[in-house]
Every structure is written in C-alpha cells, then in structure tokens.
Amino acid sequence: MATILILYYSRTGNTEEMAKAVEEGVRSEGVKAVRKRVNRATLKDLLKADGIILGSPTYYGTMAAEMKAFLDRSVQYHGKLEGKVGAAFSSCGGLGGGVETTVLDMAKALLIHGMVIQGDPWGSHYGTVSIGKPNAAAKKECKKLGEKVARLVKQLRAS
Ligand SMILES: Cc1cc2nc3c(=O)[nH]c(=O)nc-3n(C[C@H](O)[C@H](O)[C@H](O)COP(=O)(O)O)c2cc1C
C-alpha cells in the first residue's frame with residue numbers, strides 16, 4: 001500500500017490543524033497517511049514514504065528552524081528520495097507575511113532531493129497556505145492537497 005508521510009512542525013496548533021486536514025485528504029484516496037511532528041520523525045521515515053508533505057509555520061519568511069534542521073540532516077539520504085512525490089503547506093500570521101516563500105523553500109528542498117512537486121492551477125499555486133488558525137476554506141484546500149498528492153502517488157506507482 002502506498003504511504004504518504006505528513007511531516008510538520010507547529011508551536012501553537014495552526015499548522016497541526018492543517019496537517020490533520022491534509023491527512024484526511026490522503027486517507028480519502030485510500031492511501032496510508034503517517035502524520036508526524038518533525039521532532040518525533042526519523043530520517044528513515046523519509047525512505048519508507050512514497051510521498052512526503054511538509055508543513056511549517058512561517059517564521060521570518062521561511063520554515064521553522066526545527067524543519068530546516070531535519071531537512072539538513074536528510075542529506076544523509078541525498079539521491080535516495082528521487083522520484084517520490086512532495087508538497088508543502090504553511091500557516092502564517094498575515095497576508096504578505098512570507099507564506100509563499102515558506103512553502104517554496106520547503107518545496108525547493110524536496111526538488112533538490114529529486115522529488116516531484118505538483119502545482120495547483122486554481123488554489124494555492126505553490127503549496128497550501130492559511131492565515132492563522134485554518135478556517136473551513138483553508139481546511140478544504142489542505143484536504144485537496146492531500147488528495148492530489150495521493151492521486152499522483154497512485155499514478156506513479158501504477159506506471
Ligand atoms: C518566531 C516567529 C516568527 C514568525 N514570523 C512570521 C513571519 O515572518 N510572517 C508571518 O506571517 N507570520 C509569522 N509568525 C506567525 C506564525 O507564522 C503564525 O502564528 C502561525 O500560524 C503559527 O503556526 P503554529 O500555530 O502552527 O505554530 C511568526 C511567529 C513566530 C513565533
């Protein structure tokens with residue numbers, strides 16, 4: 001069965017709520033979802049997953065240090081994550097606060113690992129975003145992210 005790892009950091013719970021909605025989307029596609037806070041995850045979790053979705057609050061226009069530190073340690077598996085599907089989501093404090101640069105920074109790290117990132121022509125183009133606590137619309141977008149990544153994982157596994 002395909003597995004998608006939802007790896008996130010959250011201090012005050014907003015990104016965690018987004019992670020739960022992403023998880024719901026993954027599960028709705030019949031794909032196994034493993035949701036882990038970054039401090040509970042091991043690098044081996046990356047190897048085991050067919051898809052990896054990263055979530056972080058926006059801190060000074062980029063991801064939280066905890067997520068960056070984990071990604072820096074992932075150099076241990078450089079080249080081994082190639083072809084897996086990736087995506088990112090972030091919660092921020094306000095409009096123009098750097099949330100797009102945050103999701104792009106996480107997506108860039110996954111691209112450097114050789115992963116495949118699907119954009120979104122209609123919703124959040126680079127990755128799902130929320131201002132503060134996710135409202136119903138933001139949760140719907142998070143669920144959609146989970147569904148899209150799960151569908152792409154299934155397509156790639158079938159080919
Ligand atoms: C250290 C720190 C830096 C932050 N920097 C930004 C920022 O640059 N832009 C922004 O929009 N919000 C910023 N925020 C606000 C958080 O992104 C926002 O509160 C977010 O929803 C927190 O997510 P969490 O509940 O998952 O921890 C910052 C918060 C903290 C604590």
Side-chain angles (χ1 to χ4, degrees), residues 3-29 31-46 48-75 77 81 84-113 115 117-150 152-153:
T3 301
I4 293 177
L5 174 68
I6 302 156
L7 188 66
Y8 69 98
Y9 176 76
S10 182
R11 195 185 297 181
T12 52
N14 297 335
T15 315
E16 182 162 58
E17 276 195 45
M18 295 177 80
K20 287 178 179 167
V22 172
E23 179 183 14
E24 200 185 318
V26 170
R27 295 223 163 110
S28 73
E29 285 292 323
V31 170
K32 185 179 171 196
V34 176
R35 181 172 56 82
K36 279 197 178 178
R37 293 180 77 93
V38 75
N39 59 311
R40 296 251 169 106
T42 67
L43 291 174
K44 285 228 166 72
D45 289 320
L46 298 174
K48 286 189 237 158
D50 302 287
I52 301 165
I53 308 178
L54 303 179
S56 169
T58 293
Y59 280 0
Y60 289 93
T62 189
M63 70 193 88
E66 287 79 355
M67 179 62 75
K68 181 64 167 71
F70 188 86
L71 288 173
D72 286 355
R73 285 195 285 119
S74 73
V75 71
Y77 290 137
L81 308 182
K84 293 181 189 287
V85 180
F89 59 94
S90 178
S91 167
C92 66
L95 196 63
V99 74
E100 287 197 344
T101 50
T102 302
V103 284
L104 282 170
D105 283 354
M106 288 187 277
K108 265 184 338 199
L110 300 179
L111 284 168
I112 291 167
H113 270 300
M115 291 176 57
I117 312 281
Q118 185 183 311
D120 187 337
W122 309 115
S124 298
H125 301 313
Y126 307 119
T128 307
V129 301
S130 167
I131 298 175
K133 190 175 161 62
N135 59 18
K139 282 188 186 166
K140 200 168 155 198
E141 285 296 303
C142 289
K143 186 166 181 269
K144 192 174 84 180
L145 181 78
E147 289 164 1
K148 282 166 90 79
V149 172
L152 185 55
V153 161

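In each ligand, atom 1 is the first atom listed, and ligand 1 is the first ligand listed.
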Under 3.5 Å donor-acceptor, Ser130 side chain and Gly132 backbone: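 Yes.
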
Side-chain donor/acceptor of Lys84 to backbone N/O of Ala49, under 3.5 Å: yes

What residue and heavy atom of the protein are closest to [atom], and at what distance?
atom                    : result
atom 14 (N) of ligand 1 : Thr58 O, 3.2 Å
atom 25 (O) of ligand 1 : Thr12 OG1, 2.4 Å
atom 31 (C) of ligand 1 : Tyr59 CE1, 3.7 Å
atom 5 (N) of ligand 1  : Tyr60 N, 2.9 Å
atom 9 (N) of ligand 1  : Gly97 O, 2.7 Å
atom 21 (O) of ligand 1 : Ser91 OG, 2.6 Å

Quick one: closest heavy-atom pair of [X] and [Y], and the distance?
X     : Y      : answer
Leu71 : Ala109 : CD1-CB, 3.8 Å
Glu16 : Tyr8   : OE2-OH, 2.5 Å
Ile6  : Ala33  : CD1-CB, 4.2 Å

[X], any N or O under 3.5 Å of ligand 1 N or O:
X     : value
Gly61 : yes
Gly93 : yes
Arg11 : yes
Pro57 : no

Taken in chain and number order and not counting sequence neighbours, the residues that satisfy side-chain contact (heavy atoms from CB on, under 4.5 Å) with Ala88 are Val103, Met106

Are Lys20 and Glu24 ion-paired here, with the side-chain N under 4.0 Å from a carboxylate O? no

Begin from the C-alpha positions of Tyr9 and Leu54 and carry the test side chain to side chain contact (heavy atoms under 4.5 Å, CB included) through to its verdict. CA-CA 9 Å; Tyr9 176 76; Leu54 303 179; over 6 Å; no

Considering the heavy atoms of [X], write down every atom of ligand 1 situated less than 4.0 Å from one of them.
X     : result
Gly94 : 11 (O)
Ser10 : 24 (P), 25 (O), 26 (O), 27 (O)
Thr15 : 23 (O), 24 (P), 26 (O)

Going by the salt bridge (Lys or Arg N to Asp or Glu O under 4.0 Å) test, which pairs reach into residues 119-135, not counting sequence neighbours? Glu17-Lys133, Asp120-Lys144

